[in-house]
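Comments concern the structure below.
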Amino acid sequence: MTVAVIGGGVVGMNAAWSLRRRGEDVTVIERGSIGQSASGVNAGWITPSLSTPLASPGVVGLGLKHAFDPNGALSIRPRLDTDWIRWLWKFARASRPSAYESGVRALLQLNSHTLELFDELRDDRVDFEMHSAGLLALAQSSDGLEWFTQLFDQLLPMGFPGSIEYLSGDEARRRDAAVGPGVQVAAHTSIDRHVNPESLLRGLLERVTDMGVTVLQHTAAEALTPIGARWSIRTPDHSFDVDHVVIALGAATNALLTPLGIQLPIIGAKGYSIDVRGAGASPRHALYLMEPKLGLSPYHDAIRIAGAFELPARDERVPERRIRRLVDQVHPYLAGWTPEADVGIRAGRAGLRPATPDSLPFIGPVPGHRGLYIAAGHGMLGVTLAPATAEGIAEMVTTRRIPESMLPFQLAGRI
């Protein structure tokens, strides 16, 4: 069978790898360069420990409380727009305790083989930077870890295989020399990892190309048209037909679906990051700074600072004050490592995370459109969920059966 994967981000490239492993003839269509989209802006965390829905009890009030804070970690902006109001109403409903618990269970099941799948990528000669020291959450007061503690109190009874170790500030500093004196308490999760997302995408590009996948970069899929039992894809240069289409366009997914009469409740949520070099001992772990809700990912050549979740967002403009604030908020948590004095604030980047009202991605066939599949809406969990999403999509395309782990992520009943 011929399969077109539209979107060359972390979900789309993993889907191409999974489909090709099953013998399918795969073409990836990416409007830009592989690794330059939102997939390359994030912290690169593989965090089963943090794979819970953003739609959770109390989050709407928190987001609206900080709606006008230009530096808020979570901002939900009021807007007189019918689609946005409908999305926010669904988000509020999904934040009820029962719905939240169902979402946690669904993501826990989806993540059950995440780490094994990343190991399979490495075993299959996908070359990328990955670190396995775990995640170290840092707080300036004992209250700062309350959310983290509550999260694990929920996950462990559900069969979560990871563990958490609570540390004093001094214990955290002995564990990681980069931790500063302002940290009073910490928590270490051993199961979590982080990757350099650009290196992951470069590695996937090289590997799938070697496997025989055709990757069309700087090529926009302008329209989809059903032609009998197949699909015609129009690009600026030509059109071609395939048996199946997988749309993995993140926040831009509706651009191709709307002409088909389909509108998914996916909106853009802006996040920011900047890669910083510095002096001293670099952190050994990925660091989660609890009070400002920032993530730090140490790579071979820099440390990435990432954070913020602004809803809704329609562009990728980067206010310099936002990036400067990210860097400033790091200082109280670090000691052994300090960012270089002349940080190039203009090097900061922004990406649009595809957010759904229930914080669960759409993974599966589009009802009434044979051969058309969606893999989008992963929010802040794109890197974590990408391999499992890809395996689910590949199984559905090749067998036309929906695995049990994929049932909570179907489109039916959620549009």
Side-chain angles (χ1 to χ4, degrees), residues 5 7-19 37-56 94 102-121 126 128 130 135 151 155 158 160-162 189 191-195 197 200-201 204 246-251 253 264 266 269 271 286 295 297 306 309 351-364 373-396 402-411 414:
V5 178
V10 67
V11 173
M13 292 302 289
N14 270 278
W17 179 76
S18 292
L19 286 160
S37 63
S39 290
V41 175
N42 62 74
W45 284 6
I46 307 167
T47 48
S49 299
L50 298 179
S51 295
T52 58
L54 176 65
S56 56
S102 296
V104 172
R105 292 184 183 278
L107 292 171
L108 183 62
Q109 185 177 21
L110 181 61
N111 261 324
S112 60
H113 299 291
T114 288
L115 301 181
E116 291 92 334
L117 288 170
F118 273 97
D119 290 338
E120 284 187 33
L121 287 171
V126 178
F128 61 100
M130 181 165 63
L135 175 71
L151 175 61
L155 287 175
M158 296 182 185
F160 178 67
T189 64
I191 196 173
D192 298 313
R193 306 179 186 180
H194 70 279
V195 300
L200 175 60
L201 286 162
L204 281 165
V246 178
I247 300 180
L249 284 173
T253 294
L264 299 183
I266 296 177
S297 297
F309 201 80
L352 297 183
R353 298 156 170 158
T356 65
D358 58 9
S359 303
L360 302 181
F362 291 104
I363 310 171
Y373 296 81
I374 302 296
H378 293 73
M380 295 183 287
L381 300 174
V383 172
T384 298
L385 300 179
T389 295
E391 286 295 290
I393 283 288
E395 185 169 345
M396 285 183 271
I402 299 174
E404 183 179 353
S405 63
M406 294 289 128
L407 292 177
F409 308 101
Q410 300 309 296
L411 281 67
R414 297 175 59 209

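The figures here come from the full heavy-atom set of this structure, side chains too, leaving out hydrogens, waters and symmetry mates.
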Exercise. Step by step, would you call S405 with Q109 a side chain to side chain donor-acceptor pair (under 3.5 Å)?
Worked result: CA-CA 6 Å; S405 63; Q109 185 177 21; 5.4 Å; no
For this session: Dump the intermediate steps for side chain to side chain donor-acceptor pair (under 3.5 Å) on S297 and W45, then the final yes or no.
Result: CA-CA 8 Å; S297 297; W45 284 6; 2.9 Å; yes
Exercise. Under the side chain to side chain contact (heavy atoms under 4.5 Å, CB included) criterion, do M406 and T389 qualify, and how do the steps go?
Worked result: CA-CA 8 Å; M406 294 289 128; T389 295; 6.0 Å; no
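Judged by distance alone, with hydrogens and angles left aside, the side-chain atoms of S39 form no donor-acceptor pair with the main-chain N or O of G9 at under 3.5 Å. For Q410 (side chain) and I363 (main-chain N/O), a donor-acceptor pair under 3.5 Å exists by modelled atom type.
In plain terms, the two heavy atoms of L385 and P361 that are nearest each other are CD1-CG, 4.3 Å. Across all non-hydrogen atoms, the minimal contact from P357 to A94 is O-CB, 3.6 Å. Heavy atoms only, all atoms of each residue included: L201 and G40 are closest at CD1-N, 4.4 Å. Closest approach of S49 to I191, counting heavy atoms only: OG-CG2, 3.3 Å. For the pair A269 and A355, the tightest heavy-atom approach, listed with the atom from each and the gap, is CB-CB, 4.3 Å. Nearest heavy-atom pair across A106 and F409 is O-CZ, 3.6 Å.
For F160, the ring-ring contact (aromatic ring centres under 6.0 Å, His included) partners are F152, not counting sequence neighbours. The side-chain hydrogen bond (donor to acceptor under 3.5 Å, both in side chains) search around H194 returns none, not counting sequence neighbours.
With a 6.0 Å cutoff to the six-membered ring centre and a 45° limit on the axis angle, R414 counts as a cation-pi contact of F362.
Proximity of L117 to E120: side-chain heavy atoms (C-beta onward) are separated by under 4.5 Å at one or more points. A heavy-atom distance below 4.5 Å is found between the side chains of F118 and L200. Using a 4.5 Å cut-off on side-chain heavy atoms (C-beta onward), V10 and N42 make no contact. Residues T47 and T189 are not in side-chain contact: their nearest non-hydrogen atoms beyond the backbone lie 4.5 Å or more apart. Contact annotation: the side chain of L151 approaches that of L50 to within less than 4.5 Å [non-hydrogen atoms, C-beta and beyond].
Rounding to the nearest 0.5 Å places CD1 of I247 at 8.5 Å from CG of L264. Atoms CZ and CG, on R193 and D119 in that order, are 4.5 Å from each other to the nearest 0.5 Å. Annotation: the span from L19 atom CG to I393 atom CD1 amounts to 8.0 Å, rounded to 0.5 Å. If you take CG on L411 and OH on Y373, they are separated by 12.0 Å, rounding to the nearest 0.5 Å. For the atom pair CG of L121 and OG of S18, the computed distance is 7.5 Å after rounding to the nearest 0.5 Å. Separating the CD1 atom in I266 from the CG atom in L352 is a distance of 12.5 Å, to the nearest 0.5 Å.
The side chain to side chain donor-acceptor pair (under 3.5 Å) test with S51 singles out one residue from N111, T114, D192, and that residue is N111.
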